[in-house]
2 protein chains.
Amino acid sequence: MIDERILRPDLLRKIVTAEQAAQFIQDGMVVGSSGFTKAGDSKAVLLALAERAKQDPLKITLITGASLGQDTDAALAGSHALSRRMPFQVDPVLRKSINNGEVMFIDHHLCETVEQLQNRHLPPMDIAVIEATLIEEDGSLVPTTSVGNSAHFAALAQKVIVEVNLSMPLTLCGLHDIFLTGGYPNRSIIPITSPSTRIGRASIPIDPEKIVAVVITEIHDSPAQIVPPDEKTTAIASHLLEFFNHEVRMGRLKESLLPLQAGIGKVANAVLSGFLDSSFHDLTMYSEVLQDSTFELFDAGKMTFASASSITVSEACYARIMKDFNRYKNKIVLRPQNISNSPEVIRRMGVIGINTAIEFDLYGNVNSTHIGGTKMMNGIGGSGDFARNAFLSIFVTQAASKENTISHVLPMVSHVDHTEHDVDILVTDQGLADLRGLAPRERADIILQHCVHPEYRDALKDYSDRARKRGGHTPHVLEEAFSWHTRLAEHGTMKA
Amino acid sequence: MIDERILRPDLLRKIVTAEQAAQFIQDGMVVGSSGFTKAGDSKAVLLALAERAKQDPLKITLITGASLGQDTDAALAGSHALSRRMPFQVDPVLRKSINNGEVMFIDHHLCETVEQLQNRHLPPMDIAVIEATLIEEDGSLVPTTSVGNSAHFAALAQKVIVEVNLSMPLTLCGLHDIFLTGGYPNRSIIPITSPSTRIGRASIPIDPEKIVAVVITEIHDSPAQIVPPDEKTTAIASHLLEFFNHEVRMGRLKESLLPLQAGIGKVANAVLSGFLDSSFHDLTMYSEVLQDSTFELFDAGKMTFASASSITVSEACYARIMKDFNRYKNKIVLRPQNISNSPEVIRRMGVIGINTAIEFDLYGNVNSTHIGGTKMMNGIGGSGDFARNAFLSIFVTQAASKENTISHVLPMVSHVDHTEHDVDILVTDQGLADLRGLAPRERADIILQHCVHPEYRDALKDYSDRARKRGGHTPHVLEEAFSWHTRLAEHGTMKA
Ligand SMILES: CC(C)(COP(=O)(O)OP(=O)(O)OC[C@H]1O[C@@H](n2cnc3c(N)ncnc32)[C@H](O)[C@@H]1OP(=O)(O)O)[C@@H](O)C(=O)NCCC(=O)NCCS
Ligand SMILES: CC(C)(COP(=O)(O)OP(=O)(O)OC[C@H]1O[C@@H](n2cnc3c(N)ncnc32)[C@H](O)[C@@H]1OP(=O)(O)O)[C@@H](O)C(=O)NCCC(=O)NCCS
């Protein structure tokens with residue numbers, strides 16, 4: 001069994017327990033880990049480290065692809081083992097440590113982490129933990145359900161610990177397309193011209209001398225929590241499908257659209273599922289994450305190819321696709337996240353990006369990260385990589401939440417992640433605002449008309465009217481711009 | 001003389017006066033024009049249109065490369081001839097019309113205007129006015145001192161008016177590298193791997209049937225106003241040179257650095273001039289605009305090659321370089337602005353971007369466009385194209401201005417153009433903040449230490465301390481975040 005997975009015999013001697021492997025990680029180190037939206041993460045070594053840190057205090061810098069599963073971030077934050085964390089997380093315990101200032105969180109555009117490492121704008125990486133399906137004879141690593149930043153971590157880290165996960169089917173071999181951009185000044189073109197273009201090799205090259213330990217696991221990826229569509233997400237999805245139909249009628253898009261990107265979460269899933277009963281066909285994805293809906297679209301014959309950096313699906317979907325992965329293999333490629341999220345490729349292919357906002361404002365600036373302008377939610381993730389370079393940049397959110405005490409459409413966002421330049425279409429359950437080619441005052445009119453919740457429309461219109469009296473390209477009443485946020489903080493509602 | 005410039009005889013019959021040519025432009029039309037930072041703009045037809053509009057009211061949508069010279073924007077705005085204007089301007093009269101809501105200004109990342117036109121996210125272009133040095137036998141146009149968006153305008157507009165400018169030396173022929181990216185879904189790679197790579201042809205292809213009029217002019221480009229370095233710009237330049245020296249010592253950069261981009265204006269010029277007396281050598285540029293300093297660096301043997309979309313220099317420099325342009329021709333290429341500002345190429349080559357901020361905040365968010373959060377100054381220009389994709393993204397500004405009644409380092413910027421993710425280095429005359437790899441609270445510490453004017457340091461520190469008591473990843477006292485701006489508006493100073 002194990003020698004089917006470790007084809008390089010000298011590495012069999014390096015097999016140790018997770019606890020033993022974790023000993024290679026010392027206080028103060030910069031540690032890389034595989035893992036992207038819970039898929040393909042370290043499932044044993046980092047948890048063993050968190051356990052050890054309870055007795056033997058230590059602090060590391062942890063750099064991953066994106067979020068981890070297995071509640072690893074909670075375990076590490078709970079043991080106070082993190083001094084710095086980048087580039088993304090979704091964990092409530094870690095979130096608390098970030099917001100109280102214990103953990104320094106560095107929130108990256110997901111394509112940029114390895115840029116900064118390669119450019120030495122970040123400190124050197126001491127050690128990386130990488131989950132693999134298989135170690136090839138030359139030592140190279142076949143990743144599991146994500147590539148994330150693992151290929152560059154393997155190249156840049158001083159030492160590497162491999163977690164060979166026996167629960168990952170060997171049919172995953174051949175799924176990945178590993179391409180390293182290389183350093184400056186002689187950097188290569190990324191020659192991808194369609195989601196299905198393959199430009200690299202199937203495994204992550206590595207100097208086998210660097211592999212200091214191999215750990216065997218059989219743990220499944222943490223499943224995605226699939227929330228069934230509700231009234232609001234269904235409304236958002238239907239506004240968006242109506243818009244795509246309109247674009248086809250206007251001749252600006254074909255029924256195969258252009259490659260789709262969709263952020264994680266229930267809205268993205270609802271939108272993609274909406275294509276099931278539509279006239280769209282031959283769809284493709286060039287995204288970060290493949291979710292349940294992608295596989296539903298494959299099964300329905302609606303989607304022809306999907307490129308991403310990870311597969312993050314529900315428990316049921318996971319069981320189904322892993323049982324016979326060969327069914328999907330020739331329709332999927334997983335890439336390093338600086339390729340899946342590459343500005344170059346996204347712009348070249350004209351990706352349609354659909355991401356979720358926490359809130360947006362009258363002029364179409366979007367906040368994806370900060371609650372009340374100060375508290376980090378998850379991070380910007382790949383939303384900026386796509387929004388900036390997309391053919392169409394779409395943001396969705398509910399118009400209001402928490403019994404309508406919170407409006408998600410505001411006079412001014414309390415934090416800006418995506419400026420109005422990078423936002424073409426805004427959708428709430430109330431409707432869709434098509435902002436293309438409009439100046440700020442016109443954007444405000446359309447947003448007021450289509451997106452804001454009725455209970456907040458008059459107040460927002462009143463703000464807008466009074467701001468215009470003062471003038472300016474982007475009118476504001478600066479001293480009131482955050483009054484809805486401060487009212488919520490003081491009185492528990494944004495309503496006056 | 002003229003038949004040396006118009007090599008296609010049937011076009012000689014289309015020579016008309018500027019006033020006659022302007023008759024092709026009608027009320028309600030979408031009009032394109034050459035011109036990028038005052039260089040290579042329409043110098044006669046648009047002014048004739050402005051004149052006509054005084055008698056015969058009309059309103060057009062005007063789309064250019066960037067800003068125009070000849071006070072054309074002032075003339076058009078003064079005649080109320082503009083309903084919509086994009087993607088950039090620097091004119092005081094037009095600025096007023098934008099800020100009072102008369103002209104709808106659409107502020108683009110400069111690489112995106114032709115994307116939006118091609119994708120039909122903007123209305124179709126009725127007519128374009130393009131300045132040329134020469135019309136080739138096949139009708140194709142050799143641009144003058146800028147390429148801007150002219151190549152795509154020639155392809156997309158229904159009709160084209162050519163202004164042949166006899167004052168432009170014929171030695172400009174061969175300077176330009178015209179490459180069109182084409183539409184989706186089959187878009188090509190932009191195969192530039194160094195500033196000097198040529199990938200296209202020397203003239204703008206055009207269907208000669210589209211050329212409805214040719215106008216002959218002899219008018220020089222409006223000169224750049226070169227402000228001599230003062231104490232503040234010299235201090236900024238010296239902090240920046242010290243930083244580059246440090247990066248060389250740390251082995252992160254070579255003495256040839258990486259291709260440089262510099263925004264227009266006195267600080268950029270001062271920084272570039274600072275390289276004259278430095279140990280840096282074999283410098284290159286991959287920028288939007290070439291200014292006086294570029295030619296000084298060529299003359300001093302410090303710079304080997306410069307790529308841009310325009311040449312915008314002082315009167316003296318213009319006279320000098322135009323007299324013997326062959327001296328510089330093999331060291332320069334002018335490209336379409338979606339190529340000079342292409343995310344793909346900027347990221348691939350690792351450009352070092354140096355741009356000017358109006359203000360920045362405690363966490364390193366940058367405002368490049370809006371005074372007091374509402375009034376448009378010029379537009380975002382290319383600053384975002386470079387800042388997002390650069391190897392190093394640098395923003396400079398004075399620490400305080402107007403007898404220190406205005407601090408340019410603030411609790412929160414009143415408008416965000418560049419988020420903290422896209423800002424690596426901030427420089428004021430007070431010092432330089434190296435923000436790489438830091439979390440927001442750490443960024444604040446460094447900015448407080450190095451950038452803020454001493455007269456504002458205690459107040460900003462006090463804000464920061466009180467904000468941290470409230471907690472959050474990016475601490476703020478939301479109800480006070482704009483109090484410095486509102487104090488300035490009310491009391492004429494940001495000081496408490
Ligand atoms: C933006 C993002 C947080 C939205 O996630 P989501 O779970 O779909 O969003 P929801 O609207 O359901 O939840 C947002 C929460 O913030 C709350 N909220 C929103 N505005 C608020 C405000 N002004 N004050 C307080 N709470 C607020 C909502 O009420 C909701 O609370 P809940 O979780 O207790 O119900 C998430 O998509 C994200 O992290 N995006 C950034 C990364 C990204 O886009 N990556 C791209 C591809 S993976
Ligand atoms: C940002 C930009 C406007 C700075 O231009 P600049 O002339 O170097 O800037 P200065 O700091 O000298 O001038 C800014 C003015 O705003 C004023 N100002 C700044 N903050 C202010 C505030 N909060 N309230 C009122 N006025 C303010 C300054 O006092 C100064 O006034 P003045 O012109 O009357 O002296 C300019 O670089 C720009 O338009 N950039 C965006 C485009 C770009 O970066 N393109 C990239 C490549 S071309």
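Note on naming: letters A, B, ... go to the chains in the order of the sequence lines (proteins, then strands), and numbering restarts at 1 for each one. Values in this document were obtained by computation on a predicted structure and should not be read as measured data.
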Can you tell if the side chain of [X] reaches within under 4.5 Å of the side chain of [Y], non-hydrogen atoms only?
X	Y	result
B/Arg252	A/Tyr184	no
A/Pro343	B/Asn389	yes
B/His121	A/Phe391	yes
A/Glu442	B/Arg84	yes
B/Thr193	A/Ile189	yes
A/Thr474	B/His370	yes

Under 4.5 Å from a heavy atom of chain A, the part of [X] involved:
X	value
B/Glu115	side chain
B/Ala467	neither
B/Thr61	neither
B/Met250	backbone

Nearest 0.5 Å, please: how far is [atom2] in [Y] from [atom1] in [X]?
X	Y	atom1	atom2	answer
B/Asp424	A/Asn119	CG	CG	9.0 Å
A/Ile106	B/Arg443	CD1	CZ	10.0 Å
A/Met412	B/Met412	CE	CE	8.5 Å

Looking at chain B, which one of [options] has the largest number of heavy-atom pairs inside 4.5 Å, strictly under?
options	value
A/Pro440, A/Gly372, A/Gly350, A/Pro123	A/Gly350
A/Glu112, A/Gln116, A/Arg468	A/Glu112
A/Lys254, A/Arg388, A/Lys375	A/Arg388
A/Gly251, A/Pro259, A/Ser483, A/Ser256	A/Gly251

Check [X] against [Y] and note the closest heavy-atom contact, atom names and distance.
X	Y	answer
A/Leu478	B/Thr486	CB-CG2, 4.1 Å
A/His473	B/Phe105	CE1-O, 3.0 Å
A/Leu258	B/Pro185	CD2-CB, 4.0 Å

Any salt bridge between A/Arg120 and B/Glu247, counting N to O under 4.0 Å?
->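 Salt bridge: no.
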Pair B/Glu344 + A/Arg347, salt bridge at N-O below 4.0 Å =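 Not counted as a salt bridge, because no side-chain N and carboxylate O are separated by less than 4.0 Å.
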For residues B/Asp422 and A/His109, is any side-chain donor paired with an opposing acceptor at under 3.5 Å?
->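 A pair is found: one side chain offers a donor N or O, the other an acceptor, under 3.5 Å apart.
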Find the one option among [options] whose heavy-atom pairs under 4.5 Å with chain A are most numerous.
options	value
B/Ala439, B/Gly437, B/Gly472	B/Gly472
B/Ile380, B/Asn365, B/Leu122	B/Ile380
B/Val416, B/Asp417, B/Ile190	B/Val416
B/Gly182, B/Ala489, B/Ser188, B/Ser414	B/Ser188

Check each atom of A/Met349 against the heavy atoms of chain B and say whether the ones under 4.5 Å are side chain, backbone, both or neither.
->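 Backbone only.
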Non-hydrogen atoms of chain B under 4.5 Å away: do they reach the side chain of A/Arg348, the backbone, both or neither?
->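 It is both, since atoms from each part get that close.
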With no hydrogens and no angle check, is any side-chain donor or acceptor of B/His421 less than 3.5 Å from a backbone partner on A/Asp107?
->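 A pair under 3.5 Å: yes.
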